[in-house]
Amino acid sequence: MSGAAVGQRAEQPSCDPARFREVMGSFATGVAIVTTTAGDGPHGMTVNSLTSVSLRPPLLLVCLTRGSRTAAAVMERGEFVVNILGTHQEPLSDAFARRQEDHFEDLEVQTTREGLPVLHAAVGHLVCRVSESHDGGDHHIVVGEVARVASVEGTPLIFHRGKYDSLTGRGRDAAFDWYW
Ligand SMILES: Cc1cc2nc3c(=O)[nH]c(=O)nc-3n(C[C@H](O)[C@H](O)[C@H](O)COP(=O)(O)O)c2cc1C
């Protein structure tokens, strides 16, 4: 692309946020809850901005909204757990998306050897150390180095066009060796 074309693009107004959100909604994702513990106790929030970044070293990222209690706690603690949700955990996803509530009351929680909360019955767990955080507009882009993982059999919860969904097929093997 030429320099002029790039310059022309830069002058265009930004896309409408609501339309951006709507179109991004067609990019189906899984759903996870980021948990951590800071000085004032356990915190957690529902996310679908989870992305794997690197295999060596194993890195992932999550985008945490500025001003959220969990984002502050993750930054303070420097460690967090990603709990990947199964289809049966839709109510948990809703609960951890509600602000200003004690999400951990009456909840079955285990703790890692670091003392981080782990949500029972999730289909996958990744214990992470914050390796970097970046400015991402109204979100913090938090890069975590993955220390340990665990997974159990189960169907993942899907989020698509603002609604929960589930996989209808049984899936098929990729036609290439990914992460070669
Ligand atoms: C399916 C789903 C996905 C979400 N993904 C994100 C996300 O990736 N990043 C984010 O900052 N908030 C996301 N949210 C909103 C947060 O879960 C919500 O604002 C949360 O209550 C903020 O955490 P706090 O209670 O610690 O302040 C999502 C909500 C839902 C229902």
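Both ligands and their constituent atoms are indexed starting at 1 by order of listing. Side-chain atoms are counted along with the backbone in the values below, which use heavy atoms only and exclude waters and symmetry mates.
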What does the N/O contact table under 3.5 Å look like for ligand 1?
from	atom 1	to	atom 2	distance (Å)
ligand 1	5 (N)	N48	N	3.0
ligand 1	5 (N)	N48	OD1	3.2
ligand 1	8 (O)	N48	N	3.3
ligand 1	8 (O)	S49	N	3.2
ligand 1	8 (O)	S49	OG	2.7
ligand 1	9 (N)	C63	O	2.8
ligand 1	11 (O)	T65	N	2.7
ligand 1	11 (O)	H139	NE2	3.3
ligand 1	14 (N)	T46	O	3.3
ligand 1	17 (O)	T46	N	3.4
ligand 1	17 (O)	T46	O	2.8
ligand 1	21 (O)	A97	O	3.1
ligand 1	25 (O)	R69	NH2	2.9
ligand 1	26 (O)	R69	N	3.4
ligand 1	26 (O)	T70	N	2.9
ligand 1	26 (O)	T70	OG1	2.6
ligand 1	27 (O)	R69	N	3.1
ligand 1	27 (O)	R99	NE	3.4
ligand 1	27 (O)	R99	NH2	3.4

Point to revise | All ring-ring contact (aromatic ring centres under 6.0 Å, His included) counterparts of Y164, not counting sequence neighbours | key: F159
Exercise for review: Taking T36 for its side chain and E79 for its backbone only, find out whether a donor-acceptor pair lies under 3.5 Å.
Suggested key: yes
Revision key, fill the gap. For residues 84-98, the salt bridge (Lys or Arg N to Asp or Glu O under 4.0 Å) pairs (sequence neighbours left out) are R98-E101
Check your understanding: Distance-only, no hydrogens or angles: does the S54 side chain make a donor-acceptor pair with backbone N or O of L59 under 3.5 Å?
Key -> no
Practice item. Can you tell me which residue pairs pass the ring-ring contact (aromatic ring centres under 6.0 Å, His included) test with a partner in residues 73-115, sequence neighbours excluded? Key: F96-H103, F96-F104
Point to revise | Side-chain donor/acceptor of T70 to backbone N/O of G44, under 3.5 Å | key: yes
